[in-house]
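What follows is a short report on a single structure.
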Protein chains: 2
Amino acid sequence: MTRRQLTTVTDVARLAGVSPGTVSKALSGQGQLRSATRERVLAAAKELGYRPSQLAKSLQTGRSYMVGVLTTDSIGRFTIPILTGAEDVLEAGQVSMMLCESRGDRVRERHYLQTMLSRRVDGIIVTGRSSDERPSIGDDLPVPVVYALNKSTDPSDISVLHDDRNGAALAIEHLISTGRRRIVLISGPPHHAATTNRHSGTIEALHRAGLHLAADPVFGPWSEEWGREAAAWLVRAGVEFDGAFCMSDQIARGFSDGLRELGLRVPNDVGIVGMDNWDAMVGASRPPLTTIDLQMSRLGYVAASLMLAQIDGEDIEGGSRLVPSILVMRESTRVATA
Amino acid sequence: MTRRQLTTVTDVARLAGVSPGTVSKALSGQGQLRSATRERVLAAAKELGYRPSQLAKSLQTGRSYMVGVLTTDSIGRFTIPILTGAEDVLEAGQVSMMLCESRGDRVRERHYLQTMLSRRVDGIIVTGRSSDERPSIGDDLPVPVVYALNKSTDPSDISVLHDDRNGAALAIEHLISTGRRRIVLISGPPHHAATTNRHSGTIEALHRAGLHLAADPVFGPWSEEWGREAAAWLVRAGVEFDGAFCMSDQIARGFSDGLRELGLRVPNDVGIVGMDNWDAMVGASRPPLTTIDLQMSRLGYVAASLMLAQIDGEDIEGGSRLVPSILVMRESTRVATA
DNA sequence: TTGAAAGCGCTAACAT
DNA sequence: ATGTTAGCGCTTTCAA
């Protein structure tokens with residue numbers, strides 16, 4: 001591997017027979033230049049393989065064109081699409097991402113915050129696996145902050161969240177539209193924002209249709225095993241139901257497996273809607289799962305857009321924004337054919 | 001949100017009644033200072049909330065203390081632990097990560113490469129989802145490059161890879177040690193490095209034990225469905241087997257489900273070893289899967305260490321390094337109890 | 001239309 | 001032990 005020496009404006013200037021200032025103008029397209037001069041500079045730059053130092057430019061302009069991404073939990077299944085969505089926006093704005101994983105460690109988090117600020121990031125996106133509220137990273141920061149997925153406890157902070165209520169409502173409305181009337185709710189763990197909001201969304205949607213849950217909601221972990229248990233429990237308890245909304249695809253998949261093993265058919269006897277649109281789950285389920293997609297990459301997109309807007313000086317109102325969920329239809333709710 | 005004005009060395013110097021140079025020395029711990037002076041500077045810095053600009057420091061020292069991470073595919077299940085492992089090393093070296101997702105787009109990849117170089121990253125880690133070889137990003141780059149998980153086609157490049165052969169061998173040896181003698185191999189898609197290497201590892205390990213596969217290996221996608229199909233196919237073909245190595249946890253899980261539904265018991269009739277140690281799969285399987293852990297975070301750790309060593313001027317030999325896999329024992333290979 | 005010069009915030013060599 | 005100065009690579013007035 002050859003280590004090429006770095007070229008500077010001065011080198012280019014010398015080769016083109018002009019001053020450094022002229023090189024800067026030629027390359028940035030600013031100011032008045034004779035086009036012949038510009039050509040000459042461009043040619044010289046190309047010949048030398050000149051690559052401007054963003055470092056020096058940043059020092060000069062006071063903008064690093066970099067945003068820090070602070071993931072409070074470790075990066076996970078939800079964080080990935082958020083990052084991807086954010087990058088779509090940032091790349092278009094020529095902004096790079098500095099990634100810091102604090103892994104839930106407050107000390108590390110403060111440390112990373114300092115690191116980001118010393119690098120003069122133009123803004124900070126805070127994200128993490130859970131949708132529960134988290135303490136604000138500070139209210140006297142010299143740069144804008146946007147919380148993605150993780151809501152800040154400080155209501156004046158800007159948070160972008162997925163819409164659990166609307167997601168649950170979509171699930172219920174879809175079950176109803178496929179002819180289900182006796183619907184059960186298989187929840188995640190209690191006392192979590194996600195669970196609570198999905199619960200309300202469910203109840204409200206049922207209410208609008210003049211319906212009630214066919215059984216009290218049951219709570220458990222986000223696991224397939226819990227889904228299987230729930231199925232067994234409901235059937236043994238003699239609950240009559242023809243539709244189920246499970247708060248995650250893992251639960252839904254376990255629930256589906258559980259029903260099948262108990263001799264019930266999906267979707268003929270019971271229609272099932274999951275949540276997350278997790279490819280590994282929805283595809284492997286038999287039959288493939290209808291589910292709610294929380295639109296995580298859209299969430300990242302919105303968060304980054306709000307970030308850029310603030311960097312560009314726009315005044316964005318504090319508070320939460322919800323990104324609507326969508327329904328993805330598959331076999332587990334297919335209308336029973338005669 | 002208050003935007004605090006940024007403080008510079010000069011501000012601190014003025015408040016402490018010293019020169020900027022002295023402030024620099026006091027804060028960096030370089031040179032000779034009367035401790036009273038140092039205290040005074042530190043106090044002033046603290047009072048002003050001074051945060052040194054890494055930007056200016058980098059320009060001065062020529063080191064950005066940042067490495068670029070170029071993910072050629074989109075970030076996925078495998079990339080996450082690699083990033084985490086890398087961050088462990090980098091953080092200790094005070095080095096930050098700039099993340100760029102090229103998503104398999106060569107144009108975007110070149111673009112990101114330019115961006116990284118213009119930011120004067122100290123080095124570049126290339127990674128991605130597949131372990132197949134990929135073209136080198138260039139051999140005349142001004143900074144060191146390490147390939148993690150994705151092997152470069154250029155043998156003089158430094159690549160860090162997981163060890164498929166040793167992983168497969170561990171699986172086979174474990175099956176043998178739990179008393180299995182008629183072992184089948186459920187492969188992934190043909191013509192992939194991962195599949196090929198796991199295949200050789202399997203054959204070699206069997207050979208060392210004086211055994212052969214109980215049936216020709218069968219190839220299919222990395223899916224649960226393929227695992228189920230494979231189980232059905234083997235059983236219907238009348239193949240007698242008491243052990244199976246499946247090249248992924250998804251396949252293993254499907255295989256396990258398939259066997260159970262055909263009336264065979266795991267691990268009593270058949271012991272199963274998967275590969276990946278993917279929590280969502282190994283835990284949800286019934287029974288939980290024994291599997292091979294490819295040690296991805298260790299891989300990231302090694303890659304980042306080689307990166308730092310090179311940045312520090314060490315001369316690292318080109319070529320591939322393999323990170324050994326390990327076996328994680330669970331129920332799917334438990335020794336049958338009488 | 002182009003060049004010269006100052007300065008972004010810091011560090012390091014040299015003076016004092 | 002501390003201050004002065006120059007310079008990292010670039011942009012941006014201001015002069016020429």
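Numbered from 1 within each chain, the chains take letters A, B, ... in sequence-line order.
In this structure, A:Thr153 OG1 and A:Glu133 CD are separated by 6.0 Å, a value rounded to the nearest 0.5 Å.
Within 4.0 Å (heavy atoms only), A:Val18 reaches sugar-phosphate atoms of the nucleic acid but no base atom. Residue-level contact check: B:Ser28 touches neither bases nor backbone, having no heavy atom under 4.0 Å from any strand. Base engagement by B:Leu59 is indicated by at least one non-hydrogen atom pair under 4.0 Å involving a base atom. If you check every strand for non-hydrogen atoms under 4.0 Å, B:Ser53 touches sugar and phosphate atoms only.
Distance, B:Leu55 CG to C:dC8 C1': 10 Å, rounded to whole Å. One interatomic measurement links the two molecules: CD of B:Gln32 to P of C:dA13, which rounds to 14 Å at whole-angstrom precision. Rounded to whole Å, the distance from OH on B:Tyr65 to P on C:dT11 is 11 Å. Across the protein-nucleic acid pair, A:Arg119 atom CZ and C:dG9 atom P stand 18 Å apart, rounded to whole Å. The CZ atom of A:Arg40 sits 8 Å away from the P atom of C:dT2 (whole-angstrom rounding).
For the side-chain contact (heavy atoms from CB on, under 4.5 Å) criterion with A:Ser102, the lone passing option out of A:Val107, A:Leu113, A:Thr72 is A:Thr72. Evaluated for a side-chain contact (heavy atoms from CB on, under 4.5 Å) with B:Arg38, the options B:Val23, B:Leu33, B:Leu27 yield exactly one hit, B:Leu33. A side-chain contact (heavy atoms from CB on, under 4.5 Å) with A:Asp11 holds for exactly one of A:Leu15, A:Val9, A:Thr7; it is A:Thr7.
Look at A:Arg134 and A:Glu109 and you find a salt bridge, because one of the NZ, NE, NH1 or NH2 atoms lies within 4.0 Å of a carboxylate O, short of that distance. One finds no salt bridge joining A:Arg298 and A:Asp293 here, because no Lys/Arg side-chain nitrogen approaches an Asp/Glu carboxylate oxygen to under 4.0 Å.
Looking at A:Asn150, its side chain never comes within 3.5 Å of a backbone N or O of A:Thr127 through a donor-acceptor pair. Using a distance-only test at 3.5 Å, with no hydrogens or angles considered, no donor-acceptor pair links the side chain of A:Ser24 to the main chain of A:Pro20.
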*Please report the C-alpha distance between B:Arg120 and B:Ser58 in whole Å, then the side-chain angles of each, then the deciding distance to 0.1 Å, and finally whether the side chain to side chain donor-acceptor pair (under 3.5 Å) criterion is met.*
CA-CA 9 Å; B:Arg120 301 294 187 256; B:Ser58 294; over 6 Å; no

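Nucleotides of DNA chain D that come within less than 4.0 Å of any heavy atom of chain B span, from the 5' end to the 3' end, D:dA1 to D:dG9.
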Between the protein and nucleotides 4-7 of chain C, are there any N/O to N/O pairs under 3.5 Å, and if so, what are the atom names and distances?
from	atom 1	to	atom 2	distance (Å)
C:dG7	N2	A:Gln60	OE1	2.5

